[in-house]
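Remember, it's a predicted structure, so these values are computed and weren't measured experimentally. Letters go in sequence order (proteins before strands), and every chain restarts at 1.
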Amino acid sequence: MYKIYSEHFVLPPGYTKKLLLFMKLTTLMLFLAFMQVSASTLAQKVTLSERNASLTTIFEQIRNQTGYDFAYTTSTIKAAKLVTIDVKNVDLNEVLDRIFSGQPLNYTIENKSVVVSIKEASLFDQLSAKVKAVLNIPTEIGGTVTDTLGHPLVGATVSIKGKNLITQTDSKGNFSFPNMPQGNYTLVVSYIGYEKLETSITNTGKYEHLAFVLRLGSSQLDQVRVIAYGTDSRRFSVGSVSTVTAADIEKQPISNPLLALQGQAPGLNVTATSGIPGSQVLVQVRGQNSLNLTQIPNQNPQKPYDQPLFIIDGVPFASQNNNVNQFASLVAAQSNSGGINPANTGISPFGNIDPADIESISILKDADATSIYGTQGSNGVILITTKKGKPGATTFDLNVNTGFNSVGRPVQLLNTQQYLQLRKDAYASDGVTPTNDPNNFLGYAPDLTIFDQNKYTNWGKVIYGQNTTNTDVHGSLSGGSATNTFLISTGYNRSTYNYPGDFADQRYTLHSNIHHNSQDYRLTIDLTTDFGYDQNNSAGFGGGTDVVLPPNLPNLRDPSGNLLWNYKGVDLTSDQFYSTLLQPTDLQNYNFNTAFHISYKLFDGLSIGTNLGYNRNTTDENSINPGVAQNPAYLNRQANFSANTFQTVNIEPQINYNKNIGKGVFSALIGSTYKKNTNNSTYTTGQGYSNDNFLGSINSAPTVAAMDGYNIYKYSAGFARLNYIYDSEFILNLTGRRDGSSNFGPGRQFGNFGSVGAGWIFSEEKIFKKSPSVLSYGKLSGSYGTSGSDGATAYQYQALYASFPNYLPNFQGIRPSFPFNLYNPDYSWALKKSLNLALDLGFFNNRLLFNATYYRDRESNQLVNYPLPIQSGFPTVLGNLDATIQNQGLEFAVSSTNIKAQNFTWKTNFNVSFNRNKLLAFPNLANSSYASTYEIGQPTSIIYGYKYKDVNPQTGLFEFYTKNGTVTSSPAYGPASTGGDEVPIGNLEIKYTGGLGNTFTYKQFSLYIFCQFSSRNAPNYLAEIYSTNQLGLEYNQPVAVLNNYWKAPGDVAQLQRLASSYGSTAIGPAIRFPQSSGAYGDDTYLRIKTASLSYQVPNTLLNKVHIKAASVFVNGQNLLTFTDYKVGDPETPGVFTSFPIQRILAFGLNLKF
Amino acid sequence: MIMKKIFFTINKTVIGLVFVALSFASCKKLIEIPANPPSSITQKQQFADSSTAMTAIAGIYAYNAGNGFAYSDAALTYSTGFSSDELSYTRSNDNQQFYNYTLTPLNTGISSLWSYPYQSIYQVNAVLNGVTNNSGLSSSFQKQITGEMEVVRSLYYFNMVNLFGGVPLVTSTSYSTTDRLPRATVAAIYTQVLTDLTDARKKLTATYPSAGRARPNLYTAIALLAKVNLYQNNWQSAYNEADSVIRSGNYNLEPSLNNVFLDGSNEAIWQLPANQGYYGVADAQYFVPFFSTPGYLLTAPLLNAFETGDQRLQNWVASTTVNGNTVSYPYKYKNTSASTTPTEDQMVLRLGELYLIRAEAAAHLSNLTQALADVNTIRARAGLAASTASATSQVAVLNAVMHERQVELFCEWGNRWYDLKRTGTAAAVLGAEKTGFSANAELYPIPQAQILLNNLLTQNPGY
């Protein structure tokens, strides 16, 4: 029925020529009477939605819908551009106009056939052109620049090669070079995020309206990415910025978006503190800049781990990455001794942000990228940008998946027989006879003398053995026109705990964005609103580490489920694991974020605008200790209620200015910031309730205690960024900021920060241009600048007295107060100076991109909670420390499209980073509190300890080297400087870390495999045994210790003889062991972090059921780990009893309507 | 040329705007916050008048770990109880290290025995700073408070020197001078203690400054002075001071043993309200078992020291059965909840101890009759007959005094541990009763963390 001309035309070559001639003639005739044709209206309506489709595809679709045939030859449309169009029920002629706009083609309609021909000038035009050519009259060269959807690109740069001429498009995308002499010109059109277009034209003296259509950059080099107060592309950037996009995030079955960053960006460390749903994820950019003292016991420094500034849609996240919980629960009970302070574990505020709502995450690392944030950016900045609507037909996108979780690396513990043997060996080793009499406390061993010797409970299985599920549903509705777009999305996530009981983290989110441009594109309004509700039910504190309970422990519950508190007179209170399950801790976190942006273009090149942002993050918690969970011998029903609110108000008026100067483009951003941060918290405890059913309310509590907390931070700044790009080849970027912070005392509140960045795109040089080479892009760039840090709490510059917490009684009717802090009126900004040098290369038409970056950050005038010996009254005082810490490193990133065939593509992304930290200077270190903690020239993660030798075969005790090289089982405490035997035994710095991702697509199938790897020196599992669960005491142990401990003289063993109590003589060496090199080891792993397989259902099947697209997928997380690290998870080294990192396998479905 | 043009443009259009932006930033108004957070006030406001100043003083007597009376958490009692021959410990943690002298500088109990007193001493020094020469406070108030603070400070240093030997002597709040102080000598600490108490004696009056006997009066200073002088072998001073307290007529032994530790006890010289929140006095909370197995058991040597018929064994010791074995625990304080009546208070100094101080001093001064009389006063209250010690043998009388101290003052303020050490009998007694004792064990180690923070601190020998 249909004639497919193109196929026939190709076959006989001669025939084609004839037809062409005929076509040309026809065209000529048609042009002479062109009014007749274009006036004819076509009643046919067309609906099309295509991106970057070839004309043949479009024609096919129109033919299907209208019955119109298309007459053309393959060579005619050879020069045609790809078409992106999105129309619904639009007249055919309008659709055709759109399709042919900007194409070097014309079309005519004859008898339900569309005849396509190469565009040629009319006779009159040809004539007048000839006249003009003869007279050589200068003519305007002008036209429009649009994107493939036909939207004008405002501010695109158009330059004429070889001439000193450059202009920018106006608000309708128009540009013009008036009075250009006739001749040949090469026009270069560029716009951030779009592929550069270079076209040769001939000015014949006749004005021709040039229509340039820029295509979205398909190369990563030209993709738009979010930076501080704007966007840029990698091509023209001189700053160090990494981005992770929605495409990378959506393949990972994770519920905390920070986890999606793991291994994805060079220079970024992401650490999961545990596998508990909702738990904290720590993030660090390019190493630790400030001195921290997490390795010193009895200290609780306020700033233990540098984390970057988090900004969501331009609004600083109110809680930043701090724990939002106030109550200790199963979540907070986790301790990660792998160099991270346990104070950082808790509920993550980012658990309330749906990863599916995130469009991109930018990680700003160097001074050029972060200086504009002044004092806030010194530890790097993470910008999270949420999804926005896209013009086009209204689309509903539904994503559903269910995951199945299990322990990533389970730890096998001893069974009853093995455990009892271990305990007997311990008593034998101490020469003590186990007894059932508590008066003989050294020999008192109820597990050996009173408990059933054959009973076996696998506590690891009871506590972590459940396979649990993870359900995620996300729906989003979006669409709009060129000037108005919208997006509304909602999500639900439920992750259950791998823990007995009904514990889960549930999240409900609602995200929306509306975007409006006025018809003349002068006014722009953008409003993004996010609401998230997260509910985390968890159990009472400390239940997790109960995996080391004796395996022959008597029943802790009677057959009807009541808790048992003693067995034959032996008190079981401290072993009563099930009690914690009956003490639910319920956390509800509400996150509300709204970002409003308005800008108005006063005239081309200058626009003014404002960002208004508000973020409120509120957490309500409720935990109860009901009677059923308690020993009836001492009953105190208790309920705790707390609220914790973080708020940020952020106002940032801005002026943007763009102008072409010479062969370059100059742009300026001037703005100011007003920010107010508050944190209010309350904590109420009710005691002595008469009935468990009252525990939901404070009203029934006979005794009530309440506390509150308050912090305020105000910040204001003026900032400017000046950028000049000369001839698309040389880039200069200057930023500056003047900051004021309320955290400092009078006279110290203001500081100035700035940076200089420069780049040279050397591939623009003639030498590269002339000869075709594999190198398609090359850039050298560098930046140097300063940023600061005011990371302190308010009011520390004066001496304060505070009241005793409310739960303590008055003293004789007087509310007692106590000195709250040591004060130091003189502290001020820490200063970080950053140098960044980068080489960017693109090969094979930018199919392979390579980046190498060297950086060197030096933070001085450190603002720290300076630790003091307690004899001074307080453990710390806030102050500046005249020490300099350097972080320098190398980062490499490669992204490549290895194979791009019709049905098969293979893409690879790889990054690796090496950070080296060093204490450069510390005047008077020897006489400071840090004398025994740091060493000049060494990393700050240095650890002091004893050099471990081995187990003495005769005494059976651990042996260590003293500082003089002699061997002893009781080395002297403290570093050599204080007369002890501790020497630097290593450092906990991550040696290298990175990620490798491969994406394969074959027809409808897509497979993504992402591996993350890391290498460091870290505590091994023995660190936990010998610091908390002494080997030989009443704790179960990993099977790894079996047959590995010393028993009799002559034994060559890995572990020393067992201790039966803290009174054992083996205890001295045992508690020294965690401070020795024996407790540290290599922690190198490669983990298949994500594996995702998806299948795109073919459209032919879907059209019938009115589904635009559908795919099914299976995503895996933490599937496989390659490591030599023994016992426990290498990601959370040094602890094997904490809530384990989960292996997730998720099955899902994605539908687009 | 181009650069010139750029600069021109910058000058013309941008610089002006930069100034606008910067002036916005420099506006101090934008970053103004209230003068103090709602939950705290400045030091100046704190000592503006006597009633506000009293809240800071209340903060010294009220218990709050790290910020308040340092020895209300029973740690001093049980740690020294393990180290001497009073207590053993049934749970597996590093408290057991006190018992058989395997203590290390990493021990967590040691850390609080060191930290809390220093945090309290800072509070005391801060109050002394705040009231001294403060024109907003009356001179009588200044005098009263200064005297009280000196008594409190001397109590802390007295215990510190007995636990650790010489310790850094901190008498100021300036961290830049105190953070690098090395250990002072034992003599220097005692000099400071005696100076403080002597000065307090001049400043305080016989009237207690507030309800009950919660804040030191003149006799508190004298009683503590008696104890310090006894430890320093200043027998005559100890005798005179103990004597003046006993003779003051303000204090009487409680006839019933069960009333000794109650609020309002006539025997109390210094007695702090129970500040353990809901729980009452910490000693009861720690020693009286909530559940079946007590954590802290009285040892056989102590239980055997009680003579038959000693009412103290009936009233101050309690027992329970675990798996058929009888175990005993201290029962001087009985209330595990603050709401239980009658109310118990934390006893710091009581007349019973003063009788025994006078007895010991008298024995050394060869006034053996007086010594035996005082011992018998205490024995009579416990339902025992007069001591059988020969009234002509100083050794026998001293032994009688020391025996009476063991059973009267057990599990109170480390008296037994201090007595064994100061009388040079620790090695003989403890060496015989359990293994591991050495002369070095008489001083606890300085916490390792503190040495790391101040490397001028030297560790005690043997650690």
Side-chain angles (χ1 to χ4, degrees), chain A residues 296-298 436-439 441 566 568-569 571 573 631 633-634 655 661-662 668 670 672 674 710 712 714 716-718 720 738 740 742 795 798-802 804 807-808 811-812 814 816-820 822 867-873 877 929 931-932 973-974 978 1033 1061-1063 1067, chain B residues 2 5-6 14 17-18 21-22 24-25 30-31 33 37-43 46 54-56 58-59 61-62 64 67 88 90 92 94 96-97 99-100 102 105 111 115 118-119 122 126 168 170 175 178-179 210-211 277 290-293 322-323 325 327 448-455:
Chain A
I296 289 197
N298 308 323
N436 61 11
D437 182 358
N439 286 310
F441 82 94
N566 78 60
K568 298 187 178 172
D571 182 33
T573 309
N631 191 331
Y634 177 70
I655 300 165
I661 302 170
I670 298 113
S672 56
Y674 167 78
Y710 173 83
I712 185 167
K714 281 190 183 176
S716 83
R738 179 167 170 79
S742 64
Y795 296 112
Q798 48 191 2
L800 297 172
Y801 262 82
F804 268 32
Y807 62 84
L808 292 169
F811 174 81
Q812 299 194 327
I814 301 170
S817 63
F818 65 100
F820 188 71
L822 279 176
L868 295 170
I870 199 66
Q871 65 195 60
S872 298
V877 61
S929 304
S932 313
Y973 290 98
T978 63
L1033 267 55
S1061 76
Y1062 270 90
I1067 279 292
Chain B
I2 286 162
K5 212 172 164 186
I6 295 169
V14 176
L17 298 168
V18 169
L22 293 189
F24 185 81
L30 288 173
I31 53 169
I33 55 173
S39 58
S40 35
I41 58 176
T42 64
Q43 173 138 7
Q46 180 67 50
M54 265 316 296
T55 68
Y61 297 119
N64 179 18
N67 289 303
S88 69
T90 60
S92 275
D94 65 3
Q96 291 182 339
Q97 293 175 342
Y99 182 87
N100 55 354
T102 51
S111 172
S115 303
Y118 272 121
Q119 284 166 288
Y122 178 89
V170 178
Y175 67 86
T178 58
D179 71 334
S210 66
F290 289 132
F291 315 126
S292 43
T293 318
V322 176
N323 196 42
N325 302 292
V327 291
Q448 184 62 23
Q450 298 305 318
I451 296 181
L452 289 179
L453 292 168
N454 176 9
N455 57 18

S.K.: Using atom types as modelled and distance alone, determine if a side-chain donor or acceptor of A/Q871 lies under 3.5 Å from a backbone N or O of B/V170.
M.R.: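 Checked: no pair found.
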S.K.: Heavy-atom cut-off 4.5 Å, strictly under: side chain, backbone, both or neither for A/I1067 against chain B?
M.R.: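 Just its side chain gets close to chain B.
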S.K.: Let me know if B/T102 has heavy atoms under 4.5 Å from chain A in its side chain, its backbone, both or neither.
M.R.: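 B/T102 touches chain A through side-chain heavy atoms alone.
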S.K.: Considering only heavy atoms and a distance below 4.5 Å, find which of B/N454, B/I451, B/D94 pairs most often with chain A.
M.R.: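 Result: the option with the highest number of such pairs is B/D94.
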S.K.: Is it the side chain or the backbone of B/Y99 that comes within 4.5 Å of chain A heavy atoms, both, or neither?
M.R.: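 Answer is side chain: those atoms of B/Y99 sit under 4.5 Å from chain A.
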S.K.: Tell me, side chain or backbone of B/P37 under 4.5 Å from chain A's heavy atoms, or both, or neither?
M.R.: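 Looking at B/P37, backbone and side chain both touch chain A.
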S.K.: Is chain B contacted by the side chain of A/Y801, its backbone, both, or neither, given a heavy-atom distance below 4.5 Å?
M.R.: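 Both backbone and side chain.
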S.K.: Can you list the residues that meet the side chain to side chain contact (heavy atoms under 4.5 Å, CB included) rule with A/I814, with sequence neighbours excluded?
M.R.: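 For A/I814 the side chain to side chain contact (heavy atoms under 4.5 Å, CB included) partners, ignoring immediate neighbours, are B/M54, B/T55, B/A58.
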S.K.: Apply side-chain contact (heavy atoms from CB on, under 4.5 Å) to the pair B/I41 and A/L800, showing each step before the final yes or no.
M.R.: CA-CA 5 Å; B/I41 58 176; A/L800 297 172; over 6 Å; no
S.K.: For each of A/Y973, A/F818, A/Y710, tally heavy-atom pairs with chain B at distances under 4.5 Å, and name the one with the top tally.
M.R.: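 Among A/Y973, A/F818, A/Y710, the one with the most close pairs to chain B is A/Y973.
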S.K.: Under a 4.5 Å heavy-atom cutoff, which of A/S1061, A/G1063, A/P869, A/S817 has the most pairs with chain B?
M.R.: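 Of the options given, most contacts go to A/S817.
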S.K.: Might you confirm whether atom OH of A/Y1062 has over 12 heavy atoms from other residues, nucleotides or ligands at distances under 6.0 Å?
M.R.: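 Check passes, neighbour count above 12.
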S.K.: Do B/N325 side-chain atoms and A/N439 backbone N/O form a donor-acceptor pair below 3.5 Å?
M.R.: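 Side chain of B/N325 to backbone of A/N439: no pair is present.
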S.K.: Can you measure from CD1 (A/I870) to CD (B/Q450) and round to the nearest 0.5 angstrom?
M.R.: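 Spacing of CD1 (A/I870) from CD (B/Q450) equals 6.5 Å.
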S.K.: Where does A/Q798 contact chain B at under 4.5 Å (heavy atoms): side chain, backbone, both or neither?
M.R.: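 Side chain only.
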S.K.: Given a strict heavy-atom distance threshold of 4.5 Å, which part of B/Q448 is in contact with chain A: side chain, backbone, both, or neither?
M.R.: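 The answer is the side chain of B/Q448.
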S.K.: Where do B/Y175 and A/L822 come nearest, in terms of heavy atoms and distance?
M.R.: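 Taking every non-hydrogen atom into account, CB-CD1, 3.8 Å.
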S.K.: Identify the two heavy atoms, one from A/S716 and one from B/I31, that lie closest to each other, and give their separation to 0.1 Å.
M.R.: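 Scanning both residues, the minimum pair turns out to be N-CG2, 3.6 Å.
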S.K.: Is it the backbone or the side chain of B/N100 that comes under 4.5 Å from a heavy atom of chain A, or both, or neither?
M.R.: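 When you check distances to chain A, only side chain atoms of B/N100 fall under 4.5 Å.
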